[in-house]
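Structure record follows, encoded as structure tokens.
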Amino acid sequence: MFKRFLALALVVLAPLAAIAQEEQTWEEGTHYDLIAPAIRTADPAKVEVVEFFWYGCGHCYTFEPLISRWKETLGEDVTFVGSPAVWNKPMELHAAMYYAAQVLGVLDSMHTVMFQAMNVDGKRLASEAEIRSLFTANGVDGEDFDKAYGSFGVSSQVRQANSRARAAKITGTPEMMVNGKYRISTRKAGSQANMLKIADFLIEQERAALTATASAS
């Protein structure tokens with residue numbers, strides 16, 4: 001009799017648990033923060049998501065596989081932007097390495113390589129020469145690297161990344177920003193998985209606002 005009652009209870013409670021999970025709500029100030037003043041995005045017609053990261057950050061390294069899979073689920077009305085954190089000179093070098101890889105068209109392959117180098121292989125990548133060696137070891141022409149890494153465009157993007165992080169009041173990595181209005185941290189979200197759930201929630205919120213604005217105009 002007890003087993004039959006237990007089985008019946010599980011049948012009743014399982015859907016209730018699923019409903020409770022679906023009804024999870026995320027609250028401003030508790031699970032994520034409002035950014036004030038808001039930061040202007042590149043394209044106001046789309047929802048912009050920014051990930052603040054550092055290649056030497058172990059938490060960013062573990063977050064990378066999660067966010068890589070998550071990015072594939074984003075709609076065409078969502079723009080994803082990687083933004084390296086810049087708090088000191090070594091991080092400035094690493095930010096430049098990110099944008100150099102982008103300019104050279106090898107970011108898709110080098111992104112993982114750079115994370116691997118610092119978090120698994122124990123490389124500090126504390127000089128341009130060391131970074132250059134990493135790129136050339138992975139098929140990038142040395143002269144092409146020199147031109148990209150030392151270019152005005154790369155240095156300008158590094159400065160913009162620094163300004164973006166300061167405006168968003170980033171205090172650690174990884175952190176995320178949705179549409180220049182909301183900041184998501186692991187500390188408040190509770191986990192890296194929750195960071196992405198909150199991002200989804202805020203994307204839907206901003207998507208609805210954009211749709212309402214478009215309908216009213």
Side-chain angles (χ1 to χ4, degrees), residues 24-88 91-92 94-99 101-102 107-108 111 114-115 154-213:
Q24 169 71 59
T25 57
W26 308 104
E27 298 180 0
E28 178 188 314
T30 301
H31 303 107
Y32 62 91
D33 293 303
L34 179 70
I35 297 172
I39 301 169
R40 186 170 63 178
T41 60
D43 184 354
K46 291 189 174 185
V47 180
E48 182 180 275
V49 178
V50 176
E51 179 205 7
F52 297 95
F53 71 95
W54 173 42
Y55 283 116
C57 165
H59 295 299
C60 299
Y61 176 67
T62 59
F63 191 41
E64 181 56 28
L66 295 178
I67 203 163
S68 291
R69 290 191 295 270
W70 178 78
K71 284 190 292 186
E72 296 176 358
T73 69
L74 299 176
E76 293 183 359
D77 60 338
V78 179
T79 302
F80 181 87
V81 179
S83 190
V86 186
W87 294 316
N88 51 47
M91 293 175 78
E92 185 177 322
H94 302 152
M97 128 178 127
Y98 171 81
Y99 289 116
Q102 195 172 67
L107 183 58
D108 286 347
H111 196 53
M114 293 184 283
F115 265 122
V154 165
S155 61
S156 177
Q157 286 180 299
V158 171
R159 288 193 297 271
Q160 289 174 27
N162 190 15
S163 297
R164 185 185 301 117
R166 290 178 183 277
K169 298 179 177 63
I170 297 304
T171 59
T173 54
E175 292 193 13
M176 299 176 73
M177 176 171 67
V178 177
N179 228 26
K181 300 177 182 178
Y182 308 105
R183 182 179 62 252
I184 308 168
S185 65
T186 312
R187 182 177 61 84
K188 283 201 168 181
S191 69
Q192 293 183 345
N194 279 352
M195 287 177 69
L196 299 180
K197 291 177 183 177
I198 294 169
D200 281 331
F201 166 76
L202 293 172
I203 287 170
E204 287 302 323
Q205 181 174 288
E206 290 300 295
R207 179 180 282 136
L210 286 175
T211 300
T213 300

Which residue, Glu64, His111, His94, forms the side chain to side chain donor-acceptor pair (under 3.5 Å) with Tyr55? His111

Heavy-atom closest pair, residues Ala168 and Met177: CB-SD, 3.9 Å

Test your reading of the model: is there a side-chain donor-acceptor pair from Arg183 to the backbone of Glu175, 3.5 Å cut-off? no

Which pair of heavy atoms, one from Ser83 and one from Arg164, lies closest together, and at what distance? OG-NH1, 2.6 Å

Would you give the length of the straight line joining atom CD of Glu51 to atom OG of Ser68, rounded to the nearest 0.5 angstrom? 8.0 Å

Using a 4.5 Å cut-off on heavy atoms from C-beta on, say whether the side chain of Tyr182 contacts that of Leu34. yes

Just how far is it from atom OG1 of Thr211 to atom CG of Asp77, taken to the nearest 0.5 Å? 7.5 Å

Aromatic centroids of Phe53 and Tyr98 separated by under 6.0 Å: yes

Can you find a heavy atom in the side chain of Asn179 that is under 4.5 Å from one in the side chain of Leu202? no

Specify the closest pair of heavy atoms between Trp70 and Ala199, including all atoms of both residues, with the distance to one decimal. CZ2-CB, 3.7 Å

Can you tell me how far the CG atom of Leu74 sits from the NZ atom of Lys46, to the nearest 0.5 Å? 11.0 Å

Would you name the heavy atoms of Thr173 and Trp87 that are closest together and state the gap between them? CG2-CH2, 3.9 Å

Heavy-atom side-chain proximity of Glu48 to Val50 below 4.5 angstrom: yes

CD1-CD1 distance between Ile203 and Ile198, expressed to the nearest 0.5 angstrom: 12.0 Å

Please round to the nearest 0.5 Å and tell me the distance separating atom CH2 of Trp54 and atom OH of Tyr61. 15.0 Å

One should read off an interatomic distance between Met195 CE and Leu66 CG, to the nearest 0.5 angstrom, of 10.0 Å

Glu92 side-chain N/O to Val158 backbone N/O, donor-acceptor pair under 3.5 Å: no

Does the side chain of His31 reach to within under 4.5 Å of the side chain of Thr25, using non-hydrogen atoms? no

Thr186 and Pro174: which non-hydrogen atoms are nearest, and at how many Å? OG1-O, 3.9 Å

Run the salt-bridge test on Glu72 and Arg69 with the 4.0 Å N-O cut-off and return the result as yes or no. no

Validation row: Val49, Lys71 side chains within 4.5 angstrom (heavy atoms): no

If you apply the rule side-chain contact (heavy atoms from CB on, under 4.5 Å), what do you find for Met176 with Ile67, and how did you get there? CA-CA 11 Å; Met176 299 176 73; Ile67 203 163; 4.2 Å; yes

Is the closest side-chain donor-acceptor distance between Asn194 and Trp26 under 3.5 Å? no

Kindly indicate, with the supporting measurements, whether the criterion side-chain contact (heavy atoms from CB on, under 4.5 Å) is fulfilled by Gln102 and Val154. CA-CA 9 Å; Gln102 195 172 67; Val154 165; over 6 Å; no

If every non-hydrogen atom of Leu210 is compared with every non-hydrogen atom of Val47, which pair is closest and at what distance? CD1-CG2, 3.7 Å

Any side-chain heavy atom of Tyr99 sitting closer than 4.5 Å to one from Pro84? yes

